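For reference, the structure discussed in these notes is given below.
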There are 2 protein chains.
Amino acid sequence: MDRKVEQTAETRRDPRRGRTRRALLDAALELVEKKDNFTALSLRLVARKAGVVPTAFYRHFPDMDALGLALVDESFRTLRQLMRDVRAAGVPHKQAINSSVQTYIRYVRTNTRHFQFVAKERFSGSQSIRNAIRQEIRLFTSELATDLSRIPLLAKTSAEDLQMMASLMVNNMTSLTEQVLDIPAEDVAEELFLARMAEKQLRLIFLGAASWRSK
Amino acid sequence: MDRKVEQTAETRRDPRRGRTRRALLDAALELVEKKDNFTALSLRLVARKAGVVPTAFYRHFPDMDALGLALVDESFRTLRQLMRDVRAAGVPHKQAINSSVQTYIRYVRTNTRHFQFVAKERFSGSQSIRNAIRQEIRLFTSELATDLSRIPLLAKTSAEDLQMMASLMVNNMTSLTEQVLDIPAEDVAEELFLARMAEKQLRLIFLGAASWRSK
DNA sequence: CCATCATGTCAACACCTGTACACAAAATAA
DNA sequence: TTATTTTGTGTACAGGTGTTGACATGATGG
């Protein structure tokens, strides 16, 4: 029932609505790659790329900011999906770190445009978009913290320290993401290098976490 | 002699050159705070804010991109100054971590606009500006790596691993920077909290680094 | 079928943009 | 002083921008 209502609200009764809405979102994503910024995009440009007249834009979004927020939503929805998959595969043991990093990199590669959008707008977007992204990352970090609390080694760690470790890892992950996005997709050698570095960094963090309780 | 040449090239022979050039740079910095972006600024807007007519802009910069590059230069010049000061104070011992973090935070606070500019343009700026910033950060990371190599505990660590540790710390520092910039200057409680977290994270990294060689 | 309503189109508006060109002012060099 | 160079001004143009309002189209529900 809930799903039906949602779907109705999404596509209404006109199949065109879904299509042009999607076309606008895709056009924006594509243009963010070419132009430097989402903020640098204009309503008219996006509409043109989507193959509709500027005024048609307003049938789907009140302004560009709303489109941006929709993209933030979309981006993190896919990221959460990845998290769910990883969680289903079990807690990351020492051995699993490497394969996790590589899985993640592949994921970033297949969703380049969404990740690029988030990376770019995280600090330079409009106030509301920045807030939305920050909120999502905070949530993400908290979820990771509770995941960490389930690791036997960290069972006794305080909530604040778990949060601290989680943010350390998220920092590392975002940095990895941005580095991956900055190299061409063909440069597999550099990509492997980045992966090895990230793996080492994660292991170092785990090492530090292991000897943390003594403090 | 070198200084004289540089100064001549900077200010030429007209004192006004220096002044309006500075006015343009300052206007851009100020507008980046208000607007979301450097890319979002227009030549005319900057000129207006600087109190000159649009065409006067061209007497100092060929285009906005050149102004942006000048700002990148300026920003990292001040950051390098800080590094020099810290280095002069000696290698950071365990005890010195806390005071270093607090010193750094104070530094970020007194140079808010420059740091904000860099944070925003790092990923969303024009191609050339992004490259310039990335280059500077790489240089910064390398310098930190050689600093680390001088710590007795890490004397035997490989160059690649030192680089890995350095980038881990730089990541943490940039993240701290961006978090500090995102809270109002009056919120000292939150600022202290961020400081404590960053200190813990640095200590954890050092702990991990200490038990790294066993690998 | 017809009436309704969501969606898309067209034309127009007032405004802002980057840049070119000719000219004025001001500082320097002789 | 006078001549020269640098810096700032004013005007103008072609083009892009967000947003309005009136109108066309096509699918949906009765």
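Note that this is a predicted model, so its numbers are computed, not measured. In what follows, chains are A, B, ... by sequence order, proteins preceding strands, each numbered from 1.
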Roughly, in whole Å, what's the span from [atom1] in [X] to [atom2] in [N]?
X        : N       : atom1 : atom2 : value
Arg19(A) : dG8(C)  : CZ    : C1'   : 12 Å
Phe57(B) : dT7(D)  : CZ    : C1'   : 15 Å
Arg59(A) : dT19(D) : CZ    : P     : 15 Å
Asp63(B) : dT19(C) : CG    : C1'   : 12 Å
Tyr58(B) : dT9(D)  : OH    : P     : 15 Å

| request: Answer yes or no: side-chain N or O of Thr55(B) and base N or O of dC21(C) forming a donor-acceptor pair under 3.5 Å. | output: no
For a quick check under 3.5 Å, do [X] and [Y] share a side-chain donor-acceptor pair by atom type?
X         : Y         : answer
Arg113(B) : Gln116(B) : no
Asn131(A) : Gln135(A) : no
His114(B) : Thr78(B)  : no
Gln102(A) : Asn98(A)  : no

Note: contacts of residues 40-53 of chain B with DNA chain C (heavy atom, under 4.0 Å) are Ser42(B), Leu43(B), Arg44(B), Arg48(B)
- [ ] Report the C-alpha separation of Glu143(A) and Arg80(A) in whole Å, then their side-chain angles, then the decisive distance to 0.1 Å, and conclude whether the salt bridge (charged side-chain N to carboxylate O under 4.0 Å, His left out) test is met.
- [x] CA-CA 10 Å; Glu143(A) 286 178 8; Arg80(A) 247 193 292 276; 5.0 Å; no
Residue pairs passing the ring pair (Phe, Tyr, Trp, His ring centres under 6.0 Å) test with at least one member in residues 33-58 of chain A, sequence neighbours excluded, are Phe38(A)-Phe117(A), Phe57(A)-Phe61(A)
Is the shortest side-chain N/O distance from Thr20(B) to OP1 or OP2 of dG8(D) below 4.0 Å? yes
Between dT6(D) and His60(B), is there an OP1 or OP2 to side-chain N/O distance shorter than 4.0 Å?
-> no
